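If you're wondering where the values come from, they're calculated on a predicted model, not measured in any experiment. Quick note on labels: first sequence line is chain A, next is B, and so on, each numbered from 1.
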Amino acid sequence: MMLVVFALVLWAAGWALNVRLASGPAADTGTAQLAVPALFGLTLIVMWELIVRGLEVPGVILPPPSAIGFAFAGQWDVIWADFVQTFVKGALSGYVIGALAAFAVAILADRFDFLKRGLLPVGNFMAALPIVGTAPILVMWFGFDWQSKAAVVVVMVFFPILVNTVAGLADTAAMQRDLMRTYGASYTQTLLKLRIPAALPFIFNGLKISTTLALIGAIVAEFFGSPTLGMGFRISTSVGQLALDMVWAEIVAAALAGSAFYGIIAVIEKRVTFWHPSHRG
Amino acid sequence: QDDVALQLKWVTQAQFAGYYVAEDQGFYDEENLNVTILPGGPDIAPPQVLAGGGADVMVDWMPSALSAREKGLPIVNIAQPFKTSGLMLTCWKDTGITGPEDFAGRTIGVWFFGNEYPFLSWMSQEGIPTDASDDGITVLKQGFNVDPLLQRQADCISTMTYNEFGQVLDAGVTEDELVTFKYEDQGVATLEDGLYVLEQNLEDPAFVDKMTRFVRASMKGWKWAEENPEEAAMIVLDNDETGAQTEAHQVRMMGEIAKLTAGSNGALDEADYRRTVDTLLAGGSDPVISAEPEGAWTSDITDAALN
Amino acid sequence: MNVVSARSLDLTFRTGDGPVHALKDIELDIAPGEFVSFIGPSGCGKTTFLRCVAGLEAPTGGTLTVNGMTPDEARRARAYGYVFQAAGLYPWRTIGGNIRLPLEIMGFPEAEKKRRVAETLALVDLDGFEKKFPWQLSGGMQQRASIARALAFDADLLLMDEPFGALDEIVRDRLNEELLALWARTGKTMLFVTHSIPEAVYLSTKIVVMSPRPGRISDVIDSPLPKERPLDIRDSAEFIAIAHRVREGLRAGMEAA
Amino acid sequence: MNVVSARSLDLTFRTGDGPVHALKDIELDIAPGEFVSFIGPSGCGKTTFLRCVAGLEAPTGGTLTVNGMTPDEARRARAYGYVFQAAGLYPWRTIGGNIRLPLEIMGFPEAEKKRRVAETLALVDLDGFEKKFPWQLSGGMQQRASIARALAFDADLLLMDEPFGALDEIVRDRLNEELLALWARTGKTMLFVTHSIPEAVYLSTKIVVMSPRPGRISDVIDSPLPKERPLDIRDSAEFIAIAHRVREGLRAGMEAA
Amino acid sequence: MTDAPLSAPQAGVGRSGRVALRLRAVSGTVIPVLAVIAALVGLWYLACIPMNAQQSVLLAERGGAEVSPATASERRDVGGIALSLRNPDPALALAFGQDRPVLPAPHQVAAELWGSTVGLRVTSKRSLVFHGWITLSATLAGFAVGTGLGILLAVGIVHSRVMDMSVMPWAIVSQTIPIIAIAPMIIVVLYSIGVQGLVPKAVISAYLSFFPVVVGMVKGLRSPDAMQLDLLRTYGASGAQTFWRLRLPASLPYLFASLKIGVAASLIGAIVGELPTGAVRGLGARLLAGSYYGQTVQIWSALFAAAILAALLVAIISGVERVLLRRMGLMR
Ligand SMILES: Nc1ncnc2c1ncn2[C@@H]1O[C@H](COP(=O)(O)OP(=O)(O)OP(=O)(O)O)[C@@H](O)[C@H]1O
Ligand SMILES: Nc1ncnc2c1ncn2[C@@H]1O[C@H](COP(=O)(O)OP(=O)(O)OP(=O)(O)O)[C@@H](O)[C@H]1O
Ligand SMILES: Cc1ncc(C[n+]2csc(CCO)c2C)c(N)n1
Ligand SMILES: [Mg+2]
Ligand SMILES: [Mg+2]
């Protein structure tokens, strides 16, 4: 009980410190912008540790963060191999294929208005097919290895990227298109010099949303059949073996990988669409 | 009435007929018990539910239970309604597989989630690596159904006599297209569906009494089910909420299950226990359990229940 | 030959709620080298007329020729430069890149592109800003860049649709002066849409006053002002007289409608 | 007592790239019932000065009183109505609802709210439009509604920041006339920011010419024009003379900067 | 009326004009949508032939027909397309009516959908309406909780800088956690405090739906520009007045956009929540049970039922949005 009380005190202290940081004079510096969420996360983790120990929650229900940390460090090689299987082979390849396919279809849909008007509503409907239902089907079609995981990822990321790209390609001002007409520009010239650059902020929006979807999709697919390798495989098998510390270590790895993936795309976005009002320094 | 929550290992099906029958036929009521049957599923680990206090008693396979015990979750077998093992490997005959010695280089589907221990023990006894090396087996984490075999993504898959094997046949495959390896026949059988509780609960006489009544009523249910397989199957069907189970399938399953429960009155046979433990200990470099378990089972409850 | 020649030009838009008669019976001839301003209340069809000349809108009646061709042919022959109300520079291109855009599309050789970009930047007094991005410039500088973009490929005809509408009066004054100087130097033909009476009078050799519903020409005023126009010509009696006539024309058009 | 009184008013913004000296040494007195226009190039601090008067911005030096109070007290005493450049009506409220907004916030009783909404609608000639949504009205009508909103609670001081900047010249002319009439009828004190020389001259009893970097007052012109001002007073010699002086003031300020 | 608002958008649009516009919009999408659907269904039928070829040929072989290659183990290495080309007759004849097809034909799915919705009493355990209702109730409960939580969090984030800086990054990280991995744990933890049935599913459903709502609401509550905020300052308005009269109404369009994403996410959450406990009730259980018994037709029909349910939920929200925003004058 002491530990629980201590956890609550710690929470209050962490929050108070954050309040001071966030409203203090240094609030706008990069350090504060990192420190505040980091401190918040740290308090949460320490509270988790204290409460789990204080209430004597069984380790097979919820392990304390320290145990998760040990599992993460101790089984680093296993986690790394799982990461390569699920993220690099499954998620990343599916992400690339899905994105390229979405771009191609988006350009077609942009070219042929009929296709656009027909495809988008149907696409929205297809996007609503729950992934947990399509995953077993795709595993059945594409086999147990990473190919089926990539297929699930393709299906998951295709529609968000398609919808965003189509919206982006349509987002040019009438004036900008007229300008190209006054130059007697061809369709391709307009596409390359106006529409694609103008669509980039939208495209990146789709790409960003899809980063987390890709990883989640690959992991979900592994629940429905996999080789004896992969983050999803490890999570489900470890639950069965009551190795909850390993389960959480994989979840942490997934969250780290997902956040890093998101971060990388966000950085590229900032580089490529530096001109967009939301990115101008 | 005393409340009892029973966590099953898998979804509602004839594999658990005894409990549904006991509930349906009022055997639990007779023992003044109010039993809640919690169906399992692909991602529910019964020991976890037990540890969390979500259930009083669970159905599990002994390998998984012993492994959990070694991991520090003190669970104890209080009754063993299943005498024989229904687990087997089913292979296409045209792959040329005739015995375990042909497994090297093959792709074999295995259930995980605590169901992989019997297979891994068997293979390590055979000395066949399961690491996808050239002279080893490529293991697939088999999903929920027999598709990997039908689609020929695997040369062999795990099946239960009472369930998946029937599904393979239902899919139009004839028995002579297949080769099967029952664990029972290979001498590596491990004990399947038994009833387990948390060790510390057994210190409470009221709990012991409750479990005694529960086991008694459950075994009555099982024996009833063995004698009336068709009715038992219908009772199971009534309790299936998905509406996905079919009568034919459940009746057949009940028939096969009856063969597995036939030799048991509910008491654990120490010889079976020894065999299971020896199989699991014999796992070579990576045994399922590393030390002889202590106090992993008790006959107190069955002794009290069955007299 | 007239640069622009309209004969009973008519344009009706079909819209969801019935037709909009945007231009009616437009008769107009514009000779080479003229500076023609179009003025009139909102919705009277100034933009529509300019777009017809540019071949961006198809008239529904009458004839319109640009350099003796149809507007569409003229557009494909890159006969004119068009400056829109807002600068409308592409934010992902530098100022230089924006001016290079039409040259890229028209396939000028690399060296020529370089030369022209430098030249037009100098012409609008923006040298040194080539590598800057549009949002790093003030509104007035952006508008100058957009004029440079229209000048880069050196068409003889310049169509400008309220290019200074969004700028403040002082900046506008200066750009007006510069535009006049540019016009004097290059001898291009200018079609210039504006809402501002002083601006129209200050710049033009000819002022076309329009009135709405349907869009018609209600007056065409040939300016007697000399080609040399210091800014304070706007306080002269002649200037005020023309401005007065324009205002009267506008008022009459409004009341008739 | 002066409605607004500024003594060596100073305001410096701290920004990411150094301080911006927006107002420097402003000395100004405004008597009750005056119509004061502020004119100057973009960025000279017109808006900033108005915001200081409104208590929306805190000066960094000097003193400023509004009705003898600090601007912040005046704001809380609801001493003024403020009209922004864009109408800025809430699109989810009807015209009536928009005018009711300040009354709700200030807690007027229900009957009083009704009465005042009807009254101010009539004042700006918008009766019958109470139930319409803003986007169902033309830009000019929206701007009238936003003036009505500022009038509804009947403050004696009206601050207007380029209220007609977005409108076309003809609509603007009419609104100028109406504004003058309203001012004459109500006798309120007006502070009016504009970019347009004719507008400033036409409306004001006093014109404050400002110059930028740092924002200073470069000229204060008391208008000799009569209170009665028909639109074509703008062609009168007196008018042109004042306009000339304003333009010279602007030019001088620009060159000095 | 001296100043008739003729220049205002839509000023002259009467009822008939609107109806005409609507009609044009309908015919402008309905035909392309139908065309695309027809094309997809055609492709689907076509795809059934190679996908189901192994089974078709096997069935033909069992029926005594001459097939090539002659044995199943040889056929295993032949692709579906090649197999269909080598055995065109059985591949075509038997592709669309199998019991356990790899890819069921559209009419099989449609028939199953029809049969298990309209063809059964809604109280039947085989009725998709019954299972849909189970899933729907968890979805709605989770959606309500998630939306409420999301809005509260957004209000906190908009009004407190600390919350903005500390909570927002973690809210993003929370979305990178594979829900299917923690769903069973949530269920077990809730079991241990005696909660089962609808609540665990609703919790997962809420977890998935709160994020879009937070993001949308934060954007929406911050959408009023400086001028609109300053206007209220000139009235000396309080924080609460600013919230209720400005921030909240201004955020509604954003809220509805997120609600549409959120409700679809809620549905997925409810289905995910139904998977771990396996065959209990609901569309997720149907999916799983179908999968367990290799009943592809049943999987596909449950899948489509879920998508249709999602489409209906989104349509309902769009409807509410249209009515509300139109009444508020935010939609023209
Ligand atoms: N694409 C279009 N479809 C339908 N009506 C149009 C279209 N373009 C313009 N109109 C209508 O034609 C009339 C003339 O429009 P135009 O843009 O030429 O006016 P303008 O004189 O340029 O006005 P402003 O000063 O506001 O720019 C207006 O009533 C306008 O609503
Ligand atoms: N909140 C602020 N933070 C920093 N600088 C500001 C801020 N507001 C205004 N400024 C700067 O102060 C100076 C005066 O701005 P102000 O808006 O008062 O000019 P203005 O005369 O109203 O111009 P305009 O005619 O363009 O409206 C400008 O240089 C402007 O960039
Ligand atoms: C992950 C997973 N776990 C279990 C089974 C099926 N299964 C394995 S053993 C057994 C009988 C005892 O419950 C059953 C039904 C599966 N298909 N997938
Ligand atoms: Mg125009
Ligand atoms: Mg300003």
Side-chain angles (χ1 to χ4, degrees), chain A residues 52 55-64 67 71 77-78 81-82 85-86 90 132-149 152 219-248 251, chain B residues 9 40-54 60-61 63-75 107-117 119-120 130-132 136-154 157 198 200 288:
Chain A
V52 163
L55 298 181
E56 289 174 4
V57 177
V60 298
I61 297 284
L62 186 66
D77 46 340
V78 176
D82 291 342
Q85 167 76 14
T86 304
V132 284
T134 44
I137 294 174
L138 290 166
V139 170
M140 173 164 92
W141 288 357
F142 291 95
F144 280 67
D145 212 344
W146 61 269
Q147 291 87 345
S148 61
K149 316 306 173 283
V152 170
I219 291 177
V220 167
E222 285 178 359
F223 274 68
F224 299 91
S226 68
T228 53
L229 190 66
M231 305 175 94
F233 167 81
R234 194 74 54 203
I235 289 173
S236 91
T237 305
S238 301
V239 173
Q241 297 174 339
L242 299 187
L244 269 282
D245 49 353
M246 190 60 184
V247 172
W248 280 98
I251 289 178
Chain B
K9 174 175 167 50
D43 297 320
I44 290 291
Q48 208 187 6
V49 177
L50 207 61
D60 202 0
W61 288 2
S64 148
L66 290 182
S67 154
R69 193 178 166 83
E70 199 171 88
K71 289 225 168 66
L73 181 67
I75 47 179
T107 302
I108 296 182
V110 177
W111 290 309
F112 278 78
F113 211 74
N115 299 316
E116 67 274 34
Y117 299 126
F119 176 81
L120 296 178
T130 54
D131 54 0
I137 294 171
T138 302
V139 176
L140 291 185
K141 182 192 140 198
Q142 186 174 328
F144 310 112
N145 58 41
V146 297
D147 281 337
L149 186 76
L150 299 180
Q151 313 266 337
R152 290 187 174 262
Q153 286 163 342
I157 60 165
L198 285 178
Q200 72 255 25
V288 175

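- Contact annotation: the side chain of B:P42 never approaches that of B:F113 to less than 4.5 Å [non-hydrogen atoms, C-beta and beyond].
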Next item on the list: Output, in order, the C-alpha distance, side-chain angles, deciding distance and verdict of side-chain contact (heavy atoms from CB on, under 4.5 Å) for A:K149 and A:T86.
Entry: CA-CA 8 Å; A:K149 316 306 173 283; A:T86 304; over 6 Å; no
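- When heavy atoms are compared at a cutoff of 4.5 Å, B:Q48 approaches chain A by way of both its backbone and its side chain.
- By the 4.5 Å heavy-atom criterion applied to side chains, B:L73 and A:L242 are counted as neighbours.
- The CD atom of A:E56 sits 14.0 Å away from the CD1 atom of A:I61 when rounded to the nearest 0.5 Å.
- Interface remark: A:L244 contributes side-chain atoms only to the contact with chain B (heavy atom separation under 4.5 Å).
- Of the atoms belonging to A:V57, not a single heavy atom falls under 4.5 Å from chain B.
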